[in-house]
There are 2 protein chains.
Amino acid sequence: MTPTETLPAAPAEDAAPPEAKRPRGRPRKTEDERDDGNRRHELLKAAAQLFRRQGFAATTTRDIANSAGMQSGSPFYHFKSKDALLFAVMEAGMHSALANQQRVLGDAAYAALSPADKLRRLVHAHFEVLLGPGNDFVPVMLYEWRSLQRPQRKVLHKLIAAYEALWMPVLQALQDSGQLKAPVGVARLLILGALNWSVQWFDPAKGATVEALGGHAVAMFIQEV
Amino acid sequence: MTPTETLPAAPAEDAAPPEAKRPRGRPRKTEDERDDGNRRHELLKAAAQLFRRQGFAATTTRDIANSAGMQSGSPFYHFKSKDALLFAVMEAGMHSALANQQRVLGDAAYAALSPADKLRRLVHAHFEVLLGPGNDFVPVMLYEWRSLQRPQRKVLHKLIAAYEALWMPVLQALQDSGQLKAPVGVARLLILGALNWSVQWFDPAKGATVEALGGHAVAMFIQEV
DNA sequence: CCTACCGATCGGTAGG
DNA sequence: CCTACCGATCGGTAGG
């Protein structure tokens, strides 16, 4: 299964890291430089959770700071703006989605699978990243797209296009064998839409599992042979 | 085709109309009392469009007033709060969706259709209300659900449940005949999810039509006989 | 429905 | 990363 598109290089973060510009304040803790990365990641996690639950515009930078155990001005030490935080959350989400997808495609057994089974794997990987516990990053990307600035939208769009492109060979194979009854482009949109919407209603507390759901979805989408 | 649930009565608006409380200001125009309703509806339309494009939290009441040709304080003459405006938009959206659905179910020819054709009609009606030109009300409901207050959410949930319940007999019939390969409950969620997601990508300017899309969707969801 | 306004909040910054 | 703060904006209201 050859990807129809290669993955674009990871886009540059917030241009230059702000640390270089502000050498004032408390001296850096000598124990570990990675301390910064940890705090930054805590901010990202807190932001993702709040953006998902309340929406981007309804979440204040104070909410985020508070949730990460910081003071109100501190998030701006790590991110130059609230917009930059949103972008960082979405970018992290897409990178995790792409990594997860690569893991599936790179599996030794994958190439020998039937098209239907390949689809099953892709669907399962998609659900994992979408519905897995604590996975708020991708849902934020799906729901807060319009809150993104135009240039950042373009950057993310490349990642999304790469992710979606990897579904096409599988869908094409299914159509060639008569198992898919819609044009592949439309099928991709409808299938991913059905999966993405599950964020709105999927509730593991009700006994639903990602595995069963994926099985039902694939069974419905493709014709039996 | 008997509905499994009857439609709940339309819930009360904003309790009492505010006109009764504020007899001050410019004397009412003598020409027509319905003038009020028109202005109110212009506000609703403006709000729906802006909420959809920018999101609820990112839209100011000043934006809405301005878009309806009013001054900043004037929306509060018609709606007691920004929240009430959001609720009114969503409620109007659901009422139009239900009315459109009733029109389909009430058609004399409907009862004699095959389950697959019934599904086609339901899908088409759904797309109309979702993707039709100027139909911003239902998309707002789909995207701004979390911005709603809890009690208002409950009210709308009844309308949504009624709308969705009417799909069930059709899905059940399809499953009975072996044309639907997922449990009806899951199928309903996946199918409506696929349809709802189209709000994100459907673009009539690119030559896409609601009719063609609906045909492809149904062809993909159900097994050929 | 307009005018004039208030209190609260919010993103962001200077300086350490 | 904290303290202390600013300027702008926002939902909402009194009164006509």
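Below, chain A is the first sequence line, B the second, and so on; all start at residue 1. On a predicted model such as this, the values are computed, not experimentally measured, just so you know.
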Strictly distance-based, threshold 3.5 Å: is any side-chain N or O of Q101(B) a donor or acceptor partner for the main-chain N or O of Y163(B)?
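Yes, the answer is positive, given that a donor and an acceptor are paired below the 3.5 Å cut-off.
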Is N66(B) reaching over with its side chain to a backbone N or O of R62(B), donor-acceptor style, under 3.5 angstrom?
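No, the answer is negative, given that no donor and acceptor are paired below the 3.5 Å cut-off.
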Euclidean distance, atom [atom1] of residue [X] to atom [atom2] of [N] [Å, nearest integer]:
X      : N       : atom1 : atom2 : result
L85(B) : dG12(D) : CG    : C1'   : 13 Å
K80(B) : dG12(D) : NZ    : C1'   : 13 Å
K82(A) : dT9(D)  : NZ    : C1'   : 13 Å
N38(A) : dC1(D)  : CG    : P     : 10 Å
L86(A) : dG11(C) : CG    : P     : 13 Å
F56(B) : dG11(D) : CZ    : C1'   : 10 Å
Q71(A) : dT13(C) : CD    : C1'   : 16 Å
E42(B) : dC1(C)  : CD    : C1'   : 13 Å

Considering only [options], which nucleotide approaches the side chain of [X] most closely?
X      : options                  : answer
M70(A) : dC2(C), dA4(D), dC1(D)   : dC1(D)
S81(B) : dG12(C), dG12(D), dC1(D) : dG12(D)
F76(A) : dG11(D), dG11(C), dC2(D) : dG11(C)
R62(A) : dC1(D), dC1(C), dC10(C)  : dC10(C)

Whichever of S74(A) and S74(B) has its nearest DNA chain C nucleotide further upstream toward 5'
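With S74(A) and S74(B) compared, the 5'-side residue is S74(B).
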Does dG16(C) have a Watson-Crick or wobble partner in any strand here, with both distances under 3.5 angstrom, and which is it?
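Across all strands, the one nucleotide that pairs with dG16(C) is dC1(D).
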Is the ring centre of H216(B) less than 6.0 Å from the ring centre of F221(B)?
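Centroid distance H216(B)-F221(B): not below 6.0 Å, so no.
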Assess the side chains of D83(B) and Q152(B): does a donor N or O sit below 3.5 Å from an acceptor N or O?
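Side chains of D83(B) and Q152(B): no pair found under 3.5 Å.
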For T60(B), which contact category applies under a 4.0 Å heavy-atom criterion: base, sugar-phosphate, or nothing?
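Sugar-phosphate only.
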Distance under 6.0 Å and angle within 45° of ring axis: K82(A) vs F76(A)
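K82(A) over F76(A) ring: no.
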